[in-house]
Amino acid sequence: MANKKIKIIPSILSKNKAEFDIIFADPPYNSNLAKNILIIINQYDILEHFGVLVIEHYKKEELPEIEGNITTCKQKTYGHTSVSIFLRK
């Protein structure tokens, strides 16, 4: 159910040609949704060129360094939580 909701919001924004300079995503902890969020944001093209995407996720959840035009800029781990910062080129 949560994965379906993740797809609906970007779809609506994309239809309205909405693009954002910065997007913060904090999916439910240890849910393995962070990678899906990254893929969907790239797929629906809602992050502006040179926009920033910040995703908080479980430290053991691996995210790709590159997803389409979105590239990892920085990642920090605090206890069991990681914060990954991506930049759209």
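Note that the structure is a prediction, hence the values are computed from the model and not measured. We use all heavy atoms of the structure for the numbers below, so side chains are in, but hydrogens, waters and symmetry mates are not.
- Annotation: side chain of L38 is in contact with side chain of I70 (closest heavy-atom distance under 4.5 Å).
- Contact of the S82 side chain with the E56 side chain is not registered, since no non-hydrogen atoms from C-beta on lie closer than 4.5 Å.
- Hydrophobic clustering of Ile, Leu, Val, Met, Phe, Trp and Tyr side chains at less than 4.5 Å, counting indirect connections, unites L63 with I40.
- The closest donor-acceptor contact from the side chain of E61 to the backbone of L33 lies under 3.5 Å.
- Cluster annotation: I39 is not connected to I37 through the hydrophobic network of ILVMFWY side chains, with a link wherever side-chain heavy atoms come within less than 4.5 Å.
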Any chance you could lay out the side-chain hydrogen bond (donor to acceptor under 3.5 Å, both in side chains) test for H57 and S84, step after step, and finish with the verdict?
CA-CA 8 Å; H57 56 95; S84 296; 2.7 Å; yes

Determine, stepwise, if the pair T71 / L87 fulfils side chain to side chain contact (heavy atoms under 4.5 Å, CB included).
CA-CA 5 Å; T71 308; L87 179 66; 5.6 Å; no

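- Within the 4.5 Å cutoff, side-chain heavy atoms of D45 are placed close to those of E19.
- E65 and T72 form no side-chain donor-acceptor contact under 3.5 Å, judged by distance and modelled atom types alone.
- For the pair L53/F20, no side-chain contact is recorded, criterion being any heavy-atom separation below 4.5 Å from C-beta on.
- I85 and Y78 end up in the same hydrophobic cluster when Ile, Leu, Val, Met, Phe, Trp and Tyr side chains are linked at under 4.5 Å.
- In this structure the side chain of Y58 never reaches within 4.5 angstrom of the side chain of T81, judged on heavy atoms.
- Nearest heavy atoms, S31 versus P27: OG-CB, 4.2 Å.
- Within the 4.5 Å cutoff, the side chain of V52 has no heavy atoms near those of the F86 side chain.
- The distance from the NZ atom of K59 to the NZ atom of K76 is 15.0 Å, given to the nearest 0.5 Å.
- For E62, the CD atom counts as loosely surrounded, since its 6.0 Å shell holds 12 or fewer non-hydrogen atoms of other residues, nucleotides or ligands.
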Applying side chain to side chain contact (heavy atoms under 4.5 Å, CB included), run through V83 and I55 and close with a yes or a no.
CA-CA 6 Å; V83 176; I55 303 177; over 6 Å; no

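- Judged by distance alone, the side chain of R88 and the main-chain N or O of L47 form a donor-acceptor pair under 3.5 Å.
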